[in-house]
Amino acid sequence: MKARSSVVPSYVRPTPRRVAGLPSPAWTVVLVAGLVVAIELYARSGAVSRLDLIPVSEMVSRSVELLGDRDFVVGALLRSVLLICASFTASAVAGVAVAYVMARSRWVHRAVKPYVNVFYALPIFALYPVMVVMFGTGVVPIILLATLFSVVIVISNALVGFESAPPIVTKLALSLEMSRSQQLRKILLPSALPDILAGLKLGLAYAIIAVLATEFILATTGLGQVVNRAYNNFNTVDMYAGIVFVSVFALLANLALGAALNAFDWRRR
Amino acid sequence: MSARRAGGPAWIPPLVLAAAIVAVWTVTAALADSAVYPGPGQALESLRADIGDTRFMGSVADTARVLLLSYAAAIGVGAITGMLLGLSAFWSRAALPVVYALNSVPKIVLYPIFLLFLGIGDLSRGSFAFVSGVLPMFLIMVEATAGVSRLHLKMSASLGMSRWSLLRRIVVPSVLPSLASGMRLCFGLTLIGLLLAEMFSGSSGLGYELLRNLSLARVENIIGQVILIGVLALVPTLALQQLELRIRNRYEVTA
């Protein structure tokens with residue numbers, strides 16, 4: 001009440017600790033819970049056909065059931081996880097290597113940088129049909145596309161890291177006559193590490209998006225294909241279960257990698 | 001400029017790289033001599049044939065129209081709602097984790113929901129493209145608004161500015177550089193969203209053409225269309241980059 005009578009506008013007042021007795025994390029929970037309850041009630045109210053929407057509780061219980069389904073776990077989940085890991089690893093290694101070469105060679109830097117800058121403006125998924133024709137509907141086109149899609153974000157972040165090494169340290173390396181590999185191990189990599197880690201986190205998110213999107217559009221199996229097939233078979237329950245599963249999976253994977261990588265980040269210690 | 005020192009103007013190395021890639025492509029395609037690996041000549045040839053086709057050009061126009069609408073909507077909605085939320089630090093802190101979480105979910109798997117509620121057609125793919133673009137735009141704008149200089153805010157408070165003139169005179173000019181880079185990022189994301197949606201289910205549009213040619217196994221057409229899509233995506237991006245550069249020079253607050 002006192003705050004309301006103040007002439008000081010809210011945007012310059014100190015941020016309140018609580019609003020209506022709740023701190024901000026509690027409001028986050030309220031927001032999510034409100035959304036879930038609203039969907040649940042809307043689905044149960046009968047205003048919408050069961051072919052279009054099912055209650056959240058059913059989505060969740062079905063997606064937990066899916067975890068007990070051997071076909072789903074081995075055929076779809078495990079396969080997608082392996083594809084994501086393979087493309088993430090490939091793009092992490094290749095991305096840091098390319099960024100290192102760019103940081104070392106001025107010519108390469110100038111040749112590649114313009115393409116890195118505009119890469120995400122290009123709808124790279126348009127290449128997927130080409131790759132499918134060349135390599136079939138197996139794992140090769142998915143890994144290729146996911147690696148390509150996630151490598152560029154790793155490159156651009158790692159490059160920022162390599163270039164942010166303080167000039168004074170680079171000079172020190174020169175005066176100590178360190179070899180190239182010593183410079184890389186003792187100076188460039190440690191100083192670029194926080195940016196590389198930020199790039200890797202994004203790289204995982206991009207790899208997940210690419211693998212699921214390509215599986216969703218055209219594949220024989222995999223998590224994305226589970227959703228696609230359920231949609232095409234009018235199996236609304238499985239479709240929503242798949243969507244919930246994929247969303248939770250992506251969220252947990254990103255959070256887990258984020259937490260794991262933060263442990264290496266000396267800026268956060 | 002230090003870039004001039006290391007020999008030749010800056011545009012030579014990227015051009016050399018592009019020429020090398022095209023050369024490798026031409027040679028390997030000629031060596032492979034395979035129906036599923038056409039060379040650049042064949043690809044451009046079939047692209048020219050496609051461009052002469054009215055049905056194909058109709059698809060291009062459809063994609064461009066839906067893209068333009070959803071892009072404009074994503075920019076407008078994302079920028080305005082982002083600015084409004086960004087003004088309140090408390091509510092940003094409460095709402096942002098949810099939006100970041102939503103943004104990290106691969107949105108394409110949500111596309112069937114759009115289809116169920118909006119049906120196959122312009123509305124569903126346009127809305128999907130909109131959602132792909134609006135979330136990043138929103139996040140960028142919230143962060144940018146939260147970063148508006150406190151000194152400027154205090155000044156506007158002591159001048160007794162109204163909410164509206166606060167937005168118009170302080171917040172908007174301060175967030176313009178972020179708005180410009182958001183517009184550039186958001187364009188690519190909206191286009192990817194739209195193409196994915198069209199590839200999954202469409203009756204027209206560039207993504208639909210790609211998958212149609214896939215089932216007809218006409219690789220040279222697919223590659224030709226990929227080139228066309230690349231050019232169509234690149235031109236607005238370069239224009240937006242220029243815009244961003246100008247806005248940064250004009251509005252960016254340094255120090």
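All values below were derived from every heavy atom in this structure, side-chain atoms included, with hydrogens, water molecules and symmetry-related copies excluded.
- For A/Phe249, no part lies near chain B; criterion is any non-hydrogen pair under 4.5 Å.
- Taking 4.5 Å as the limit, every side-chain heavy atom of A/Arg110 sits out of range of all side-chain heavy atoms of B/Ile12.
- For B/Ser104, the parts lying near chain A are the backbone and the side chain together; criterion is any non-hydrogen pair under 4.5 Å.
- Annotation: maximal heavy-atom pairing with chain B below 4.5 Å, among A/Pro129, A/Ala126, A/Ala230, A/Ala250, occurs at A/Pro129.
- When each of B/Ala95, B/Pro236, B/Pro14, B/Ala94 is checked for heavy-atom pairs under 4.5 Å with chain A, B/Pro14 comes out on top.
- Most heavy-atom pairs under 4.5 Å with chain B: of the set A/Leu212, A/Ile217, A/Asp52, this distinction falls to A/Asp52.
- Side-chain contact between A/Phe216 and B/Leu196: absent, with no pair of heavy atoms (C-beta onward) separated by less than 4.5 Å.
- With a 4.5 Å cut-off on non-hydrogen atoms, B/Ser92 does not touch chain A at all.
- To the nearest 0.5 angstrom, A/Phe234 atom CZ is 9.0 Å from B/Leu116 atom CG.
- Shown here for A/Val246 and B/Pro106, the closest heavy-atom pair between the two residues is CG1-CG, 4.1 Å.
- No side-chain heavy atom of B/Leu191 sits less than 4.5 Å from a side-chain heavy atom of A/Phe125.
- Under the 4.5 Å side-chain criterion, counting only non-hydrogen atoms from C-beta, A/Val48 is in contact with B/Phe117.
- The contact between B/Leu166 and chain A is made entirely by side chain atoms (from C-beta outward), counting heavy-atom distances below 4.5 Å.
- Contact of the B/Ile222 side chain with the A/Val133 side chain is registered, since non-hydrogen atoms from C-beta on lie closer than 4.5 Å.
- In this structure, A/Met239 and B/Pro112 approach most closely via the heavy-atom pair SD-CB, 3.5 Å.
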Exercise. Under the side chain to side chain contact (heavy atoms under 4.5 Å, CB included) criterion, do B/Tyr111 and A/Val227 qualify, and how do the steps go?
Worked result: CA-CA 10 Å; B/Tyr111 184 54; A/Val227 179; over 6 Å; no
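- A distance below 6.0 Å separates the ring centres of A/Tyr231 and B/Phe200.
- In terms of heavy atoms, A/Ser247 sits closest to B/Val105 at OG-CG1, 3.6 Å.
- Per-residue counts of heavy-atom pairs under 4.5 Å with chain B were compared for A/Gly224, A/Ala213, A/Gly242; the largest is that of A/Ala213.
- Residues B/Leu17 and A/Val112 are in side-chain contact: their nearest non-hydrogen atoms beyond the backbone lie under 4.5 Å apart.
- In this structure, chain A has a heavy atom under 4.5 Å from the side chain of B/Leu238, while its backbone stays farther away.
- Looking at B/Val109, both its backbone and its side chain come within 4.5 Å of chain A, counting heavy atoms on both sides.
- Remark: the backbone N or O of B/Arg93 is not paired with any side-chain donor or acceptor of A/Ser24 at under 3.5 angstrom.
- Both the backbone and the side chain of B/Leu153 come within contact range of chain A, judged by heavy atoms closer than 4.5 Å.
- B/Gln225 does not touch chain A: none of its heavy atoms, backbone or side chain, sits under 4.5 Å away.
- Residues A/Tyr115 and B/Ala18 come closest through the heavy atom pair OH-CB, 3.2 Å.
- When B/Leu110, B/Val226, B/Thr190 are compared by the number of non-hydrogen pairs under 4.5 Å with chain A, B/Val226 comes out ahead.
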For this session: Please report the C-alpha distance between B/Gln241 and A/Asn117 in whole Å, then the side-chain angles of each, then the deciding distance to 0.1 Å, and finally whether the side chain to side chain contact (heavy atoms under 4.5 Å, CB included) criterion is met.
Result: CA-CA 10 Å; B/Gln241 263 180 5; A/Asn117 283 346; 4.2 Å; yes
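- A distance-only check finds no donor-acceptor pair linking the side chain of A/Tyr120 to the backbone of B/Leu185 [under 3.5 Å].
- Comparing B/Leu206, B/Val219, B/Leu87, B/Leu194 by how many heavy-atom pairs each has under 4.5 Å with chain A, the most go to B/Val219.
- In this structure, the side chains of A/Leu218 and B/Met199 stay at 4.5 Å or more apart for every pair of heavy atoms.
- Note: B/Ile113 leads B/Ile113, B/Leu211, B/Val148 in heavy-atom pairs under 4.5 Å with chain A.
- With chain A as partner, the option from B/Leu15, B/Leu210, B/Leu240, B/Leu96 having the largest number of non-hydrogen pairs under 4.5 angstrom is B/Leu210.
- In this structure, the side chains of B/Ile192 and A/Phe149 come closer than 4.5 Å at one or more pairs of heavy atoms.
- Using a 4.5 Å cut-off between heavy atoms, A/Val32 contacts chain B through its side chain alone, with no backbone atom that close.
- How far CD1 of B/Ile229 is from CG of A/Leu127: 9.0 Å, rounded to the nearest 0.5 Å.
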For this session: List the steps, then state whether side chain to side chain contact (heavy atoms under 4.5 Å, CB included) holds for B/Leu234 with A/Leu122.
Result: CA-CA 7 Å; B/Leu234 220 50; A/Leu122 300 174; 3.8 Å; yes
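- Using a 4.5 Å cut-off between heavy atoms, A/Leu35 makes no contact with chain B at all.
- Ring geometry, B/Trp91 versus A/Trp27: the interplanar angle exceeds 60°, so the pair is classed perpendicular (tilted spans 30 to 60°).
- Atom CZ of A/Arg104 has more than 12 heavy atoms from other residues, nucleotides or ligands within 6.0 Å.
- Interface summary for chain A: among B/Thr237, B/Leu102, B/Leu232, B/Leu115, the most heavy-atom pairs under 4.5 angstrom belong to B/Leu115.
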